[in-house]
Structure formats: C-alpha cells, structure tokens
Amino acid sequence: AASEAAQKRWTTSDFDVGKPLGRGKFGHVYLAREKRSNHIVALKVLFKTQLHQSQVEHQLRREVEIQSHLRHPNILRLYGYFYDQKRVYLILEYAARGELYKELQKCKYFSERRAATYVASLARALIYCHGKHVIHRDIKPENLLIGAQGELKIADFGWSVHTFNRRRTMCGTLDYLPPEMVESVEHDASVDIWSLGILCYEFLYGVPPFEAREHSETYKRIVQVDLKFPPKPIVSSYAKDLISQMLVKESTQRLALHKLLEHPWIVQSADPSGIYREPRSEVSP
Ligand SMILES: Cc1cc(Cn2cc(-c3c(Cl)cnc4nc(-c5cn(C)nc5C)[nH]c34)cn2)no1
C-alpha cells in the first residue's frame with residue numbers, strides 16, 4: 001500500500017474533505033478521508049500563486065522529497081502529493097491531538113517529566129534524520145504536533161536540507177537560530193542540537209531563552225549566548241546542566257544527541273516510551 005501510495009496519481013475526488021485544521025502562510029490544512037481506504041489524513045492545500053510570489057517552490061519540492069522518504073514514529077509522515085491548476089496538495093499523517101504550541105500556551109510550561117519525554121523523543125528523531133544527512137533547521141513549537149497516543153511528531157520540513165547542499169540564507173524565526181546561522185556562516189547538523197536546547201528551555205520556562213522586544217536585541221543575546229535561568233518556575237540543576245551543554249556557541253562543543261539520551265536529567269525524567277501520559281491527578285475533573 002505504501003509503495004502504491006507513493007506512485008498513485010491522486011486527485012481531490014479521492015478524498016472527502018472535512019473541517020479546516022489550521023492555516024499557514026501559503027494555504028490551509030484540512031481533515032480528510034481517503035475514500036477507498038477510509039484512511040484519515042491531513043490535506044495541506046497550498047496556493048501556487050502565493051508559493052510563486054514568495055519563491056518557495058524549491059523549498060516545497062525539498063520538503064516533499066525529504067519528508068516522503070523519512071519513516072520514524074516522531075516524524076509526521078508525508079504519504080504523497082498532487083496538484084491542479086491553482087493548488088498543490090500534500091497528503092500528510094493526521095496528528096490527532098493537534099499542535100504542541102497550543103498545548104504549551106495552555107499549560108504555560110511543562111513538567112520536567114513531560115519536557116524530558118518530549119526532548120528525548122525529538123533527539124531520537126533528529127538522530128534518525130542526521131543519520132540520513134538531513135538537518136531540519138527549524139525545530140520550534142509551531143512545527144511540532146501531538147499524535148493520538150500523546151507522542152510528538154516533527155512536521156514542516158520546509159527549511160530542512162540534505163547536508164550535501166547547505167544553503168546560507170536566513171531561515172526560520174530568529175529565536176531558534178544558533179549563532180552560526182544568525183551570523184550566516186557555515187552550519188551543520190549541530191544547528192538542530194542548539195534549537196532542541198532552545199526548545200527544552202521553552203518547555204520548562206514557557207519562553208525561549210534569548211527572547212527580547214527588538215530583533216537586534218535577540219540577535220545580540222544569541223551571539224553572546226546570554227543564557228539566564230529565572231528563579232521561577234523552579235527547575236532542576238540537571239535540566240539546567242543539559243540546556244547549558246546544548247546552548248554552546250562553538251557548534252562542535254554542543255552535547256551530541258546520543259550523549260543527550262544518556263544525560264542524568266533525561267535518564268531520570270523522560271518516559272522511556274517517548275509518550276507523555278497525564279498522571280491521574282493532573283487530569284481535569
Ligand atoms: C498551511 C499550513 C497550516 C499548518 C499548520 N497546521 C498543521 C496542521 C495539522 C497537520 Cl499538518 C497534521 N495533523 C493535524 N492535526 C491537527 C489537529 C488535531 N486537532 C484535534 N486539532 C488540530 C489543529 N492539526 C494538524 C494543521 N495546521 N502548516 O501549514
């Protein structure tokens with residue numbers, strides 16, 4: 001079925017399209033059901049005119065090329081794509097519990113167990129990507145979805161690249177960019193380690209570490225690695241130690257992802273299944 005899905009010429013008549021799930025710069029995502037298999041998917045519909053105006057067709061091609069070949073429980077599947085006169089359609093895995101950033105906004109920040117569980121599963125997904133010479137380059141809450149069992153799914157490989165043809169142009173929001181990308185110098189897979197460190201901080205404190213009112217201020221704080229840990233919420237020194245080993249200016253000195261999985265904070269706090277289950281008490285009545 002998988003190989004069939006890859007070659008089949010899909011059209012909109014193959015799907016019953018349902019409610020909108022979200023919107024992005026170039027279009028919308030809809031809940032949809034493939035008629036023959038009754039398989040529920042997320043159908044991302046992008047407008048060619050907007051893609052053309054923003055000159056991101058090459059990025060979209062790379063997103064499809066890269067994501068369609070990745071198979072990992074913490075990476076959102078891209079089953080196939082098709083297009084018509086005006087639109088490009090991506091047939092994506094449906095993540096039943098929605099967007100992580102909304103969950104983070106609701107909770108303000110996550111417990112150490114939840115943060116460590118998510119960070120460990122993202123580290124495993126990135127080890128898999130880097131093993132295939134793919135760097136994501138845009139790891140941030142907006143690009144993470146939650147599956148039916150509570151597992152994290154990395155989505156939106158729009159900024160990912162095969163490390164053989166690295167590009168130096170600016171990409172993604174500033175908050176998550178490491179010094180070498182902000183300074184537009186050569187960068188490699190260790191950019192994802194930096195972004196995972198930023199994400200870990202935001203999971204625990206509710207804000208990214210170098211956030212500032214002005215872009216120029218954020219830029220300065222990133223290149224100086226002006227890392228501060230607020231007194232509240234209280235966070236374990238193991239967690240701060242891990243973040244401090246990831247947010248290192250010299251990219252070769254950042255904690256390697258396989259070493260991250262052996263860090264005491266991860267070993268102690270992350271659920272080995274990579275799935276965060278609400279403990280009894282936390283479930284709202
Ligand atoms: C264009 C455009 C919009 C977006 C952001 N976005 C992603 C989704 C999405 C995807 Cl791709 C896959 N599964 C999803 N499941 C949800 C969801 C589930 N619940 C209960 N609530 C929501 C929301 N959204 C999914 C939607 N928008 N990227 O490019």
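Order of listing sets the numbers, starting from 1, for every ligand and every atom in it.
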Practice task
Can you establish whether the number of heavy atoms outside Phe15 located under 6.0 Å from its atom CZ is more than 12?
Solution key: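 Atom CZ in Phe15 is packed in, count exceeds 12.
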Practice task
Would you check if the distance from the ring center of Tyr79 to the ring center of Trp10 is below 6.0 Å?
Solution key: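 Not close enough - the centres of the two rings lie 6.0 Å or further apart.
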Exercise for the section: Tell me whether the centres of the aromatic rings in Phe82 and Tyr89 are closer together than 6.0 Å. Expected result: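 They qualify: ring centres under 6.0 Å apart.
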Contacts table for ligand 1: protein N or O within a distance under 3.5 Å of ligand N or O, distances only.
{"from": "ligand 1", "atom 1": "13 (N)", "to": "Ala95", "atom 2": "N", "distance (Å)": "2.9"}
{"from": "ligand 1", "atom 1": "15 (N)", "to": "Ala95", "atom 2": "O", "distance (Å)": "2.7"}

Exercise for the section: Answer yes or no: is there a side-chain heavy-atom contact under 4.5 Å between Phe229 and Ile243? Expected result: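 The answer is yes, as the side chains (C-beta and beyond) meet within the 4.5 Å cut-off.
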Problem - Mutual orientation of the aromatic rings belonging to Tyr83 and Tyr81 [parallel < 30°, tilted 30-60°, perpendicular > 60°] - result: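 Aromatic pair Tyr83/Tyr81 classed parallel.
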Problem - Partner of Ser37 by side chain to side chain donor-acceptor pair (under 3.5 Å), out of His39, Glu34, Lys35 - result: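 That would be Glu34; it is the only one of His39, Glu34, Lys35 passing the side chain to side chain donor-acceptor pair (under 3.5 Å) with Ser37.
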